[in-house]
Amino acid sequence: MEVEAEAARLRNELAKKEQEVERLRAAIACLHQNSHSGSKFTLVQQVTEIPTLEDKSLSKEEIMRYSRQLIIPEIGVKGQLNLSKKAVLIVGCGGLGCPAAQYLAAAGIGRLGLLDYDDVELSNLQRQVLHAEDKVGMSKALSAATAINRLNSNVECLPYHFQLNFKNASQLIRQYDIVVDCSDNVPTRYLVNDACVLNGKPLVSASALRMEGQLTVYNYNGGPCYRCLFPKPPPAETVTNCSDGGVLGVVPGILGCIQALEVLKIASGIGPSYSQQMLVFDALESRFRTIKLRQKQPTCAVCSENPAVKDLIDYEIFCGSAATDQCRKLNLLTGEQRITVQEYKRHLDEDIPHVLVDVRPQVEVDICHLPNSIYIPLAGLEEKRVEYMKVLQNNINARKHKTDADKDTFPVYVICKQGNDSQKAVKILQEMLSNELCSLSVKDIQGGLMAWSQKIDPAFPQY
């Protein structure tokens, strides 16, 4: 058994190394392709000073390119020249940032700063439309800049590949006229808002999750800032991101396009529509509604006349969470209450009687699940404890009768996607079992099904 387990471990390690080699090959191929296609882009790894855009007249080519918007009375030649003199920073080249950048470049904005610290992944392609299969493994900022250059080579693109933080945000943001927040986490939202307020820049912000989205323009002509609406960050454990909750790709696409629209109206001189309003989009009903926002708050910590925040702070500490869209790892249980996927695999190999409880939502169970697991959703466990307690007891009894296992020491293992919900479920089960099956062993499987895919079975789907 030990030899077989070691062989399985080595095969898994080999598969992971092969995947890493393929990722590196893809990245090298992208760079090679760019070098041979005359790509003029070099990733900017830190904040550098950039020159102010110069005034210019429209060339014959530009008159033809932008002719359909030049003849709009609200834009005209003056508005187009205004666009060509504006520098716009897009924070996040993902589901929102890609369509925003695409339409801003198509309309002839003068300079686009494209900031993103991540690389292109296969799961991005469902919604991040500037990236492509041959760009997997490439920096998102560089991938976006390359695509924008193919669309409109007259637009100056600066791809930034570093993490925005309280030490560099002001230096970068003060060099741009308008900032577009397309980020995917709470700390970055507060950071970008505060940096825009301190540097007097309008902020076009949007977010999208599942089949909903919202958009607002902050800090424009005396309007409220993000902190006026949300003085304190939400508890970190209540925040759901796209990797946890999902998103229909067209939803950030729609919101990103409207972000571009608001930027173009600001840059051309028309003025935005949502500086004191929030646009809420319900994709399920295909319905938009507008919420009037309260005015700039006299007690706001950053934009009031007597602000408490005069310099940028550490926003990860302020929000109690990391500036990333990756799932936050909870630590609710002790080591004795958890097992690794390797340990669980040994239980399977040794055919040790047990019950495996999958607590994910049904939609995720339909994607993939381990054989012989029983389905008890976390939400149901919280709301219908008695009903699901009977389900668990029936499964324990059924497995017990097939073996000589002792009911009082029968192991119950709980699994989810990442190992967060499973810990919550273990605490609930332990509370439920304390009066009825007090000796029952309930443990969660660390890292969940994604750890199983990474460490045990590379063929098991990741999502």
Query raised in the report: Just by distance, with hydrogens left out, do D366 and Q362 show a side-chain donor and acceptor under 3.5 Å apart?
Result: yes
Query raised in the report: Do V359 and I415 pass the side chain to side chain contact (heavy atoms under 4.5 Å, CB included) test, and can you show the C-alpha distance, the side-chain angles, and the key distance before you say yes or no?
Result: CA-CA 6 Å; V359 296; I415 198 165; over 6 Å; no
Query raised in the report: N395 side chain to V391 main-chain N or O, any donor-acceptor pair under 3.5 Å?
Result: yes
Report task. Check the pair I445 / R338 against side chain to side chain contact (heavy atoms under 4.5 Å, CB included), numbers first and verdict last. Result -> CA-CA 6 Å; I445 299 177; R338 315 191 74 186; over 6 Å; no
Report task. Carefully, step by step, assess L333 and K427 under the rule side chain to side chain contact (heavy atoms under 4.5 Å, CB included). Result -> CA-CA 8 Å; L333 305 176; K427 293 182 77 70; 3.6 Å; yes
Query - Test: D282 and R287 ion pair at under 4.0 Å - result: no
Query raised in the report: Is there a side-chain contact between Y344 and L370 (heavy atoms, below 4.5 Å)?
Result: yes
Report summary line: Taken in chain and number order and not counting sequence neighbours, the residues that satisfy ring pair (Phe, Tyr, Trp, His ring centres under 6.0 Å) with Y375 are none
Would you mind writing out the side-chain donor-acceptor pairs for residues 211-219 within the sub-3.5 Å range, not counting sequence neighbours?
residue	atom	partner	partner atom	Å
N219	ND2	C196	O	3.3
N219	ND2	K201	O	3.0

Query raised in the report: So which heavy atom on L114 is nearest to which on A141, and how close?
Result: O-CB, 3.5 Å
Query - Y274-E262 side chain donor-acceptor pair, cut-off 3.5 Å - result: no
**Report entry** Derivation and outcome, side chain to side chain contact (heavy atoms under 4.5 Å, CB included), residues L312 and S170
**Finding:** CA-CA 8 Å; L312 298 181; S170 278; 3.5 Å; yes
Query raised in the report: Do V47 and Q171 come within less than 4.5 Å of each other through their side chains, counting heavy atoms only?
Result: yes
Requested in this report: Ignoring hydrogens and angles, tell me if any N or O in the side chain of N394 forms a donor-acceptor pair with the backbone of K390 under 3.5 Å.
Outcome: yes
Query - Intermediate values then yes/no, salt bridge (charged side-chain N to carboxylate O under 4.0 Å, His left out), K424 and D421 - result: CA-CA 5 Å; K424 299 176 186 177; D421 285 350; 3.8 Å; yes
**Report entry** Any donor-acceptor N or O pair under 3.5 Å, side chains T146, N149
**Finding:** no
Query raised in the report: Without hydrogens or angle criteria, can the side chains of D119 and S139 be said to hold a donor-acceptor pair below 3.5 Å?
Result: no
Requested in this report: Please check if the distance between the ring centroids of F318 and Y190 is under 6.0 Å.
Outcome: yes
Report task. Using only heavy-atom distances, determine whether the side chains of Q128 and K140 contain a donor-acceptor pair under 3.5 Å. Result -> yes
**Report entry** Q446 versus E343, side-chain donor and acceptor atoms under 3.5 Å
**Finding:** no
Requested in this report: Assign the ring pair F288 / F281 to parallel, tilted or perpendicular, where the plane angle (0 to 90°) is split at 30° and 60°.
Outcome: parallel
Query raised in the report: Any donor and acceptor pair, going by atom type alone, linking the side chain of N168 with main-chain N or O of L164 inside 3.5 Å?
Result: no
Query raised in the report: Under the 3.5 angstrom rule, does the side chain of Q163 hit a backbone N or O of A323 as a donor-acceptor pair?
Result: yes
Query - Whether Q259 side chain and D181 backbone form a donor-acceptor pair below 3.5 Å - result: yes
**Report entry** pair I266-D177: side-chain heavy atoms closer than 4.5 Å
**Finding:** no
Requested in this report: Examine Y117 together with H161 and report whether their ring centres are nearer than 6.0 Å.
Outcome: yes
Query raised in the report: Less than 4.5 Å apart, any side-chain heavy atom of R210 and any of V247?
Result: no
Query - Polar side-chain atom of N199 near backbone of I173 as donor-acceptor pair, under 3.5 Å - result: no
**Report entry** Short side-chain to backbone donor-acceptor contact, R399 and H354, under 3.5 Å
**Finding:** yes
Query raised in the report: Using a distance-only test with no angle check, is there a side-chain donor-acceptor pair under 3.5 angstrom linking S373 and D358?
Result: no
Report task. Please work out which of the three classes, parallel, tilted or perpendicular, describes the rings of F230 and Y226, given edges at 30° and 60°. Result -> tilted
**Report entry** Pairwise side-chain contact, L172 with L115, heavy-atom cut-off 4.5 Å (strictly under)
**Finding:** yes
**Report entry** Whether over 12 other heavy atoms sit under 6.0 Å from N372 CG
**Finding:** no
Report task. Report yes if the side chains of R227 and D194 come closer than 4.5 Å at any heavy-atom pair, otherwise no. Result -> yes
Requested in this report: Report yes if some heavy atom in the side chain of V412 is under 4.5 Å from a heavy atom in the side chain of I396; otherwise report no.
Outcome: yes
Query - Side-chain donor/acceptor of K417 to backbone N/O of Y463, under 3.5 Å - result: yes
Query raised in the report: Would you call S441 and Q337 a side-chain contact if the rule is heavy atoms closer than 4.5 Å?
Result: no
